[in-house]
Novice: 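Please see the structure below; I have some questions.
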Amino acid sequence: MLSTEVLAVFLPLLGFVLAGALGRRLGAHGAEYLTTALMLTAAALSISLFGTYALDGQHTTITLMSWMSVGPLSVDWALRFDALTAVMLVVVNGVSAMVHLYSIGYMHHDPHRPRFFAYLSLFTFAMLMLVTADNLIQLFFGWEGVGLASYLLINFWYKKPSANAASMKAFLVNRVGDFGFALGIMGIYFAFGTVSFDGIFNQLGIETSFKLFGWTLDAVTLSCLLLFMGAMGKSAQLGLHTWLPDAMEGPTPVSALIHAATMVTAGVFMLCRLSPLFETVPEVLAVVTILGALTAFVAATIGLTQFDIKRVIAYSTMSQLGYMFFAVGVGAYGAAMFHLMTHAFFKALLFLGAGSVIHALSDEQDLRNMGGLWKKIPVTWALMWIGSLALAGVPLFAGYYSKDIILESAWASHSAAGQFAWYMGIAAAFMTAFYSWRLLLMAFHGQPRASAEVMSHVHESPFVMLLPLLVLAVGALGSGAYAYDWFVGEGRFEFWRTTLAVGEHDVIHAAHDVTGWVKHMPTLMGVSGIFLAFIAYLWVPKLPGALVRMFPSLHALFYRKWLFDELYNALCIRPALCLGRVFWQSGDVRLIDGLGPNKFAEATKNAADELHAAQSGYVYHYAFVVVFGLAALLIWLTW
Amino acid sequence: MDLLSLSTLLPEITLTLAALLLLMVGVFMGDRVTNAVTQFAVLALLLVAAALGATMWGVEADFHLTGPQGFVDVSLFTSLIKLMVLITAAGALLLATGYLRREEIYKPEYAVLVLLAVTGMCLMLSASNFLMLYMGLEMQSLCLYVLAAFRRDATRATEAGLKYFVLGALASGLLLYGISLVYGFTGSLSFAEVATALSQDSSRGALVGFGFILVALLFKVSVAPFHMWVPDVYEGAPTPVTAFFSVVPKIAAFGLLMKVCYGPFAPLQDKWLWLLPVLAAITMLWGAIAAIGQTNLKRLLAYSSIGHVGFALMGLAANDPRSVIVYLAFYAVMSLGVFAVLLLMHRDERMLETIDDLAGLSRVHPGLAAAMAILMFSMAGIPPLVGFFTKLYVFVAAVQADLIWLAVIGAVASVVGAYYYLNVIKVMYFDEPVAKYDRFTDGNLTGTVTAMAVLSVAGLLLIAPVVMLAQYAVHLLKP
């Protein structure tokens with residue numbers, strides 16, 4: 001029973017239970033060491049599982065128990081292991097272990113560490129349930145579980161009103177996506193009569209339709225669109241993305257783990273897991289492509305203008321997720337997973353590095369108050385450079401391989417949507433490099449802008465924080481080149497086997513044969529973005545201000561995040577609040593409470609007063625009642 | 001007079017002899033022997049109960065025995081009710097000792113009065129003749145009047161005793177008048193002959209007689225609107241007496257009510273099955289609503305007991321005497337437990353009896369508060385405690401008898417009633433504690449509280465055998 005597979009999934013749950021239930025008894029140190037040790041063990045087990053299921057190409061499903069069996073619907077708790085799961089296991093457990101380790105240092109001032117580590121472990125477990133799911137319902141369980149953990153962790157500093165608001169926003173926006181996801185699962189069940197992945201894949205191509213308000217809709221297409229809606233919410237795609245930047249209110253390790261490396265990639269994972277299904281609905285894939293491309297572009301433009309170090313990285317994450325989605329959209333699932341993996345390393349690295357900067361500057365997050373830090377925290381500086389080089393797609397760093405193959409696939413797909421995605425992606429690649437170096441230069445180079453007192457306290461982070469950064473840096477440096485062959489190279493069929501669908505037109509194969517200038521375009525864009533950033537933020541510091549004055553409305557649009565929040569406020573939140581107030585004050589308070597419970601309670605109280613008045617204490621009153629009762633009873637009896 | 005027919009009175013004879021013996025001992029040896037007398041009385045009650053239980057063992061369900069001159073008739077039903085009376089009386093007597101000693105009214109007469117009251121109850125339960133019934137009922141009532149005023153130097157206790165006596169005399173008068181009417185119209189006092197006469201010709205005069213008798217019995221059971229004496233007497237009487245009142249005479253009177261309804265007045269079943277549901281509904285609602293706003297715990301429990309009587313009466317109204325017995329058996333458990341808690345509440349040698357005195361109990365006496373909470377939840381009918389299942393039985397009975405409206409009223413009444421039970425829990429767990437109570441030195445009380453709380457939890461397992469036993473016992477009542 002306690003096989004490696006089960007342990008790798010359930011050790012984090014054990015950590016959660018122990019730290020959560022016995023946190024006070026274990027003490028802060030006990031809880032953090034225990035959960036971290038369990039996570040490190042799980043990570044080590046995951047690596048060995050990667051060998052079994054990815055490299056040796058086995059696959060298996062371990063059924064733990066039956067969950068529910070209602071009529072024709074039967075759902076098991078089952079762990080599905082194949083190459084896709086193995087990749088996700090390494091990413092999730094690996095990054096989670098590093099983040100646990102890092103948090104020991106980062107959170108050491110916080111009095112509520114047992115709770116923090118319990119939540120981190122809970123998140124990891126939920127994420128593992130998601131990636132090992134063998135059916136849609138279990139996947140949904142994990143999906144909601146990570147949503148819950150995300151909510152709890154964003155709101156970890158629950159006394160901060162902004163954290164409260166951000167956590168609620170994350171939860172509610174995700175609810176919109178999850179609503180679609182749940183409907184999608186029901187639609188799939190309607191169409192296929194099963195929710196298990198194998199059951200669905202065995203019946204691909206069936207024709208079922210819904211009738212809705214007189215329209216006839218293809219059930220599979222609609223269900224896939226709804227499933228994608230779920231993915232949009234969780235992976236912060238344009239439209240349902242507004243929660244992700246706000247989620248940066250949570251502690252930085254949380255941002256690294258949940259809002260960069262793992263949870264937000266759940267949507268990508270889900271689409272890859274269901275790739276055989278999505279291959280049958282090209283219309284949906286076109287939607288995915290266009291939306292992903294737009295996300296990549298819009299997020300990058302916003303990233304250009306933000307000043308909060310974590311928000312810049314958050315928009316960068318959103319933008320990179322857009323890349324993954326349009327990779328899925330054009331059918332390059334391997335490339336999407338490849339970028340998911342490399343991105344997990346370098347983005348976690350960037351976030352944790354940013355955390356190290358914030359830590360060094362005593363919780364300062366505004367780039368305008370940084371500068372000139374590189375001499376004081378050289379290790380962090382160097383690691384941030386590595387992360388940024390990987391993000392910008394500079395050759396030999398991890399992001400170079402994965403981003404290139406995505407852009408090449410988009411070009412090679414020869415569809416209108418693919419072309420659109422390529423242009424958007426190229427533009428985004430340029431901006432990515434630019435804002436990454438904007439961040440680096442503003443934070444580490446130039447003159448210090450922080451007060452002398454803050455600068456005098458600047459210190460390099462402790463070893464327990466730097467070690468995870470170093471590990472992740474190795475991933476950011478080497479994972480692209482090392483794993484290229486497995487994910488998208490010649491070995492990809494051997495590696496993925498049947499877990500990822502390959503369309504009739506093998507996009508990744510075509511991507512290797514694109515013309516030269518297309519191949520070199522991303523690198524060129526990346527390098528020129530870096531160069532321009534140097535000009536604007538180091539050599540000619542007046543340039544950005546001049547540009548802002550030249551295009552004020554464009555800057556305002558980017559700076560105010562394309563006005564999505566304002567739009568949603570006006571369209572949804574204010575009307576909903578209005579409606580809520582109407583229902584609350586006139587519906588609930590006046591109508592239901594007024595005539596229901598309160599009225600009833602009042603009537604009862606009045607009746608009690610009447611009865612008390614009757615209980616006068618005089619014997620003749622009582623005798624009168626008895627006689628009166630007797631008379632009434634006799635009349636009734638003899639009627 | 002043969003010995004076999006005399007043996008039907010063996011429990012009553014034994015109890016009478018014991019009472020007389022203890023009275024003599026008490027008179028001649030004074031207060032020194034109070035403890036011994038009380039313990040002996042408890043022993044006598046339990047021995048008689050054990051003997052009675054033994055006679056029930058392995059007996060056929062339709063077994064019954066007629067006593068001398070056809071004045072008494074015992075069956076499994078009467079034996080079971082007597083058994084309940086004897087055991088709860090012993091329990092109530094055990095609860096009393098500490099209180100009586102503290103209030104300096106610990107005298108041998110107390111135990112003797114209890115014994116004589118129980119004797120009266122047993123006699124009236126055995127009765128199969130209206131004269132016998134009247135005798136037994138008066139015997140127990142007279143003892144109860146004295147018990148209510150046992151603290152004769154306290155005005156409230158004497159007031160309670162006097163009120164009880166005056167109103168009880170009214171009820172006795174009604175009973176006698178009813179009996180004489182029945183005799184006049186049927187020509188007999190024997191239950192069997194009355195039943196025969198009524199089944200042939202039920203004249204309006206006999207019906208009036210039945211009405212008088214019914215009101216007198218409903219007065220004893222404290223069914224609304226004949227219950228008005230209950231809150232005043234319960235509040236005024238010494239607490240252990242209230243504990244006794246709330247359980248022992250109630251069970252006996254209920255047993256008598258059932259015996260009379262299914263015995264001589266069985267031919268009038270249509271009439272009383274039509275009447276009782278309404279009375280049950282009034283009683284449940286009155287008990288539930290009037291309890292709201294009470295600050296005195298004893299008064300609160302008085303209304304609570306009225307409400308419970310309403311629920312039990314619902315079982316009878318649904319023509320299911322089995323559910324009544326089950327309801328009463330576990331009501332006795334909860335009630336004795338709650339009164340034991342009440343008797344433990346004293347501070348600086350002074351009894352406490354308001355709800356506010358329970359404030360913050362959970363922090364100063366967590367165990368006591370937990371037991372009280374269990375008992376209150378059980379009384380409110382919250383699953384999985386036993387109070388829920390007994391209520392469920394009477395509700396099911398009502399629904400099966402097509403009295404759905406009555407079940408609905410019952411549910412409403414238990415929701416309203418839950419308010420004051422939960423209020424007690426709220427006060428114990430969420431209000432600021434005042435001060436500790438005096439040390440608990442009375443093992444009887446702490447033992448009772450524990451046992452009754454445990455029984456309320458374990459009732460889940462006990463309820464099935466009790467239902468079986470009740471099923472057996474009512475076989476002759478309702479074949």
Side-chain angles (χ1 to χ4, degrees), chain A residues 20-26 67-68 70 111-112 115 158-159 583-584 587-639, chain B residues 159 162-167 169-171 173-174 177-178 203-212 214-216 218-219 223-233 235-236 268 271-272 274-275 278-279 282 285-294 299 302-303 412-413 415-417 419-420:
Chain A
L22 304 175
R24 276 165 205 236
R25 202 157 301 170
L26 290 169
W67 181 2
M68 54 178 126
V70 187
H112 300 294
R115 184 161 62 89
Y158 55 85
K159 288 184 183 154
F583 279 134
W584 163 43
D588 207 44
V589 174
R590 265 187 234 141
L591 209 69
I592 298 180
D593 281 357
L595 298 181
N598 287 355
K599 193 84 190 169
F600 186 68
E602 200 188 307
T604 310
K605 219 169 151 60
N606 289 343
D609 290 344
E610 295 286 322
L611 294 182
H612 290 174
Q615 194 78 29
S616 61
Y618 294 118
V619 173
Y620 57 87
H621 280 171
Y622 299 175
F624 171 75
V625 174
V626 171
V627 174
F628 185 80
L630 171 74
L633 193 138
L634 286 178
I635 291 169
W636 193 10
L637 263 182
T638 54
W639 196 256
Chain B
E159 184 196 331
L162 192 63
K163 270 184 187 166
Y164 195 15
F165 177 66
V166 172
L167 292 168
L170 174 66
L174 296 178
Y177 190 59
S203 67
R204 193 161 281 187
L207 208 55
V208 172
F210 167 62
F212 274 90
L214 189 65
V215 168
L218 292 177
F219 174 89
V223 168
F226 313 109
H227 69 284
M228 309 276 285
W229 57 278
V230 173
D232 292 13
V233 173
E235 190 186 352
L268 304 179
K271 297 280 182 192
W272 58 259
W274 192 48
L275 201 63
V278 179
L279 291 172
I282 297 175
L285 285 176
W286 201 317
I289 292 172
I292 289 171
Q294 300 295 347
R299 223 174 157 76
Y303 283 110
V412 170
V415 168
V416 175
Y419 164 76
Y420 56 82

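Residue numbering restarts at 1 for every chain, and letters A, B, ... go by the order of the sequence lines. Being a predicted model, the structure only gives us computed values, none of them experimental. Below, all heavy atoms of this structure are taken into account, side chains as well, without hydrogens, waters or symmetry copies.
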Novice: Could you state the interatomic distance from CD (B/Q294) to CD (A/Q615), rounded to the nearest 0.5 Å?
Specialist: 8.0 Å

Novice: Go through A/V625, A/D609, A/T604, A/L630 and name the one with the most non-hydrogen pairs under 4.5 angstrom from chain B.
Specialist: A/L630

Novice: Taking B/W272, B/F212, B/Y419, B/W229 one by one, which has the highest count of heavy-atom pairs under 4.5 Å against chain A?
Specialist: B/F212

Novice: Taking all heavy atoms of A/G617 and all of B/D232, pick out the closest pair and write down the distance.
Specialist: CA-OD2, 3.5 Å

Novice: If you take all heavy atoms of A/L634 and B/G211, which pair is closest and at what distance?
Specialist: CD2-CA, 3.8 Å

Novice: Can you see which heavy atom on B/P225 is nearest to which on A/G629, and at what distance?
Specialist: CG-CA, 4.3 Å

Novice: Count the heavy atoms of every other residue, nucleotide or ligand shown that sit under 6.0 Å from CH2 of A/W67, and state whether that count exceeds 12.
Specialist: yes

Novice: Would you give the length of the straight line joining atom NZ of B/K271 to atom OG1 of A/T638, rounded to the nearest 0.5 angstrom?
Specialist: 8.0 Å

Novice: When you compare the side chain of B/V278 with that of A/W636, does any pair of heavy atoms fall below 4.5 Å?
Specialist: yes

Novice: Does any backbone or side-chain atom of B/L268 lie under 4.5 Å from a heavy atom of chain A? Answer side chain, backbone, both or neither.
Specialist: neither

Novice: Which bit of B/Y164 is near chain A, if near means a heavy-atom gap under 4.5 Å: side chain, backbone, both or neither?
Specialist: neither

Novice: Report the option among B/V166, B/V208, B/L279 that has the most heavy-atom pairs separated by less than 4.5 Å from atoms of chain A.
Specialist: B/V208

Novice: What part of B/L275 lies closer than 4.5 angstrom to a heavy atom of chain A: side chain, backbone, both or neither?
Specialist: both

Novice: CZ/B/F226 to CZ/A/F628 distance, rounded to the nearest 0.5 angstrom?
Specialist: 10.5 Å

Novice: Give, as side chain, backbone, both or neither, the part of A/L637 having an atom under 4.5 angstrom from any heavy atom of chain B.
Specialist: both

Novice: Identify the heavy atoms of B/V412 and A/F600 that sit nearest to each other, and give their distance.
Specialist: CG1-CZ, 4.0 Å

Novice: Using a 3.5 Å distance criterion without hydrogens, assess whether the side chain of A/H612 forms a donor-acceptor pair with backbone atoms of B/I292.
Specialist: yes

